A.B. asks: 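One structure, pasted below without further comment.
Since the model is a prediction, treat every value here as computed from it, not as a measurement. Basis for what follows: all heavy atoms, side chains included, without hydrogens, waters or symmetry-related copies.
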Amino acid sequence: MLKYKIALSMVRGVGLLTYKKLISVFGDDESVFKASRKALSSVSGVGEAIWEQIAAKKVLEWAEEELEFLYKTGGYVIAMDDDKFPYRLKECNDHPILMYAKGENCMDVKRVIGIVGTRKMTPYGRALCEEILTDLVQNHPEILVVSGLAYGVDGCAHRKALELGAQTIGVVGHGLDMIYPAAHRELASKMCNQGGILTEFHTRSLVDRKNFVSRNRIIAGLSDVVLVVESGEKGGALLTAEFANSYNREVCALPGRVGDLFSVGCNNLIKSNAAVMVESAQDIERLMNWDAKINSSSSMMYELFPDFTPDQQRVVDYLKEHGKSQINAMTRELDFPYSALSSLLFEMEMQDWVVSFPGGIYELR
């Protein structure tokens with residue numbers, strides 16, 4: 001039952017690793033709450049504090065309240081074992097056990113861009129952000145724009161996406177019982193009709209600085225590419241870029257004038273090769289191979305290889321049709337588990353049948 005899954009995710013000290021251990025031992029969430037103290041204690045990582053919370057069952061009451069709140073407000077739960085859990089996020093080894101959402105579940109579209117940056121956006125940053133988004137949506141109407149619903153760059157990205165008719169999702173660092181900042185309540189409401197709001201935090205969660213750091217990893221995990229529009233020397237946008245790089249996502253940044261306070265972070269990312277410098281939507285399209293054209297000679301050449309396995313042939317046919325493609329898109333389109341497809345592509349690369357590029361992009365050789 002969903003109640004038990006929510007309750008277990010509320011237990012302090014139960015992260016993804018411990019959760020997986022518990023489920024592997026007891027089979028499902030409900031069985032964890034019915035397990036004896038001795039059985040629970042036998043699971044590595046389950047100490048006295050965790051056992052006491054499970055035994056007290058207070059979290060089950062909170063879970064029931066959470067479900068009632070979601071029912072009344074139009075929210076819903078996306079659990080990690082649900083087919084609707086975003087496949088890009090599931091690739092990340094620190095993804096949430098579950099998430100709470102309002103609006104549409106539109107996260108598994110073909111192209112997703114995360115846009116982040118300073119809360120103190122300059123006119124320069126705003127103009128470029130809006131120009132890039134306009135061109136991207138015009139060329140790729142199905143694109144999803146993900147950000148953090150904060151002031152500045154986040155709000156600009158969400159508003160422009162709505163204006164252009166694109167789907168946009170705001171990942172927040174608190175429960176669905178509030179919107180922070182409060183000034184963005186109306187914006188959030190509009191987003192629920194053209195995207196949605198997403199969080200891993202339940203309604204009893206406090207607004208805490210560490211929650212927003214955790215929120216940043218979800219923005220990175222949901223995205224194919226993260227664009228840093230403007231950033232000071234330190235800030236959440238740089239953490240999002242760091243998460244994105246650790247997840248093997250592409251990171252790009254807009255360059256700024258030397259000495260400008262809110263260009264320091266972007267310029268440092270570019271100088272340290274932690275981000276690719278971009279100045280336009282076309283630069284992002286080239287980086288992501290979103291404008292790749294099919295080379296007809298590839299089709300002719302691969303007719304010379306008649307001994308592909310059925311799975312290899314599916315990959316060859318897909319790449320012949322789409323040209324350069326990212327593994328995330330291939331996972332969704334071919335309905336392959338990520339790990340299986342990754343292994344298959346590695347084998348094909350060793351056979352010199354495909355070539356790989358940074359960002360998990362593959363092409364027929």
Side-chain angles (χ1 to χ4, degrees), residues 88 106-118 121-150 152-171 191 194-195 219-220 222-231 237-238 240-241 244-245 247-257 260 262-263 265-267 269-270 273-294 322-326 328-329 332 357-361 363:
R88 291 176 177 86
C106 53
M107 291 171 280
D108 283 344
V109 295
K110 190 172 183 180
R111 297 181 174 94
V112 183
I113 183 169
I115 299 182
V116 295
T118 179
M121 194 177 199
T122 70
Y124 161 81
R126 181 176 300 279
L128 273 178
C129 181
E130 292 182 346
E131 178 184 320
I132 286 172
L133 261 180
T134 299
D135 290 344
L136 284 176
V137 174
Q138 180 177 349
N139 295 338
H140 313 281
E142 81 289 354
I143 197 169
L144 170 66
V145 179
V146 178
S147 196
L149 201 64
V153 171
D154 292 19
C156 174
H158 291 309
R159 288 191 180 92
K160 192 62 181 177
L162 289 175
E163 178 188 322
L164 295 167
Q167 300 273 0
T168 183
I169 284 180
V171 186
M191 289 168 62
Q194 200 172 305
I219 295 174
L222 287 173
S223 304
D224 295 317
V225 56
V226 170
L227 170 63
V228 185
V229 175
E230 288 185 301
S231 175
L238 303 184
T240 307
N245 277 314
Y247 297 150
N248 199 30
R249 306 298 197 251
E250 289 289 357
V251 178
C252 52
L254 297 178
R257 189 171 58 183
D260 280 5
F262 296 110
S263 292
C266 289
N267 291 344
L269 285 173
I270 294 166
N273 294 318
V276 176
M277 186 184 81
V278 297
E279 300 173 300
S280 65
Q282 290 69 38
D283 289 340
I284 296 173
E285 289 172 328
R286 281 192 290 270
L287 173 67
M288 299 304 297
N289 292 286
W290 286 350
D291 60 344
K293 302 300 181 184
I294 302 168
H322 294 84
K324 287 184 180 179
S325 298
Q326 201 202 42
N328 292 333
R332 179 175 62 85
F357 298 90
I361 292 169
E363 183 183 34

A.B. asks: Distance check, rounded to the nearest 0.5 Å: R88 atom CZ versus R332 atom CZ?
C.D. replies: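 Going from the CZ atom of R88 to the CZ atom of R332 covers 6.5 Å.
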A.B. asks: Is the backbone N or O of M277 less than 3.5 Å from a side-chain atom of D283, with the two atoms forming a donor-acceptor pair by type?
C.D. replies: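 Here the side-chain-to-backbone pair does not exist.
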A.B. asks: Determine yes or no for a side-chain-to-main-chain donor-acceptor pair under 3.5 angstrom, with N245 supplying the side chain and V251 the backbone.
C.D. replies: no
A.B. asks: Using 0.5 Å steps for rounding, measure from the CD1 atom of I132 to the CD atom of E279.
C.D. replies: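 If I round to the nearest 0.5 Å, the distance is 9.0 Å.
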A.B. asks: Taking G323's backbone N and O only, do any of them form a donor-acceptor pair with S325's side chain (distance below 3.5 Å, no angle check)?
C.D. replies: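 Flag set: sc S325 to bb G323 pair under 3.5 Å.
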A.B. asks: CG/L254 to CG/L128 distance, rounded to the nearest 0.5 angstrom?
C.D. replies: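 Reported to 0.5 Å precision, the distance equals 5.5 Å.
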A.B. asks: Could you report the tightest heavy-atom contact between L133 and A161, atom names first, then the distance?
C.D. replies: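 Result for this residue pair: CD1-N, 4.4 Å.
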A.B. asks: Does H140 form a side chain to side chain contact (heavy atoms under 4.5 Å, CB included) with K110? I'd like the steps, not just the answer.
C.D. replies: CA-CA 9 Å; H140 313 281; K110 190 172 183 180; over 6 Å; no
A.B. asks: I want to check something: taking the side chain as every heavy atom from C-beta on, are F262 and V153 in contact at a cut-off of under 4.5 Å?
C.D. replies: no
A.B. asks: For L287, is there any backbone N or O sitting under 3.5 Å from a side-chain donor or acceptor partner on E250?
C.D. replies: no
A.B. asks: Measure from the side-chain N and O atoms of Q194 to the backbone N and O of L162, and report whether any donor-acceptor pair falls under 3.5 Å.
C.D. replies: yes
A.B. asks: Starting from the C-alpha separation in whole Å, work towards a yes-or-no answer on side chain to side chain contact (heavy atoms under 4.5 Å, CB included) for C156 and M121.
C.D. replies: CA-CA 9 Å; C156 174; M121 194 177 199; 3.7 Å; yes
A.B. asks: Tell me whether H158 contacts the main-chain N or O of T168 through its side chain, where contact means a donor paired with an acceptor under 3.5 Å.
C.D. replies: no
A.B. asks: Minimum heavy-atom separation for T240 to A220, with atom names?
C.D. replies: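 For T240 and A220, the tightest heavy-atom pair comes out as O-CB, 3.7 Å.
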A.B. asks: Any idea which heavy atoms bring M107 and V112 closest together, and the distance?
C.D. replies: O-CG2, 4.0 Å
A.B. asks: Could you tell me which non-hydrogen atom of V229 sits nearest to which non-hydrogen atom of G125, and how far apart they are?
C.D. replies: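 In this case the closest contact between V229 and G125 is CG1-O, 3.6 Å.
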A.B. asks: Any chance you could measure Q282, atom CD, to N139, atom CG, to the nearest 0.5 Å?
C.D. replies: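 Result: 6.5 Å between the selected atoms.
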A.B. asks: I would like to know whether M191 and L149 meet side chain to side chain contact (heavy atoms under 4.5 Å, CB included); could you show each step before the answer?
C.D. replies: CA-CA 10 Å; M191 289 168 62; L149 201 64; 3.6 Å; yes
A.B. asks: Could you tell me which non-hydrogen atom of V116 sits nearest to which non-hydrogen atom of I219, and how far apart they are?
C.D. replies: CG1-CG2, 4.1 Å
A.B. asks: Could you go step by step and tell me if T134 and E163 meet the side chain to side chain contact (heavy atoms under 4.5 Å, CB included) rule?
C.D. replies: CA-CA 9 Å; T134 299; E163 178 188 322; over 6 Å; no
A.B. asks: Does any N or O in the side chain of S223 come within less than 3.5 Å of the main-chain N or O of G114, such that one atom is a donor and the other an acceptor?
C.D. replies: yes
A.B. asks: Any ion pair linking D224 and R111 (charged N to carboxylate O, less than 4.0 Å)?
C.D. replies: no
A.B. asks: Measuring from S147:OG to I169:CD1, what's the distance to the nearest 0.5 Å?
C.D. replies: 11.5 Å
A.B. asks: So, for V226 and A244, which heavy atoms are closest and what is the spacing to 0.1 Å?
C.D. replies: CG2-CB, 3.8 Å
A.B. asks: What's the separation between atom CD1 in I143 and atom CD1 in I113, rounded to the nearest 0.5 Å?
C.D. replies: 5.5 Å
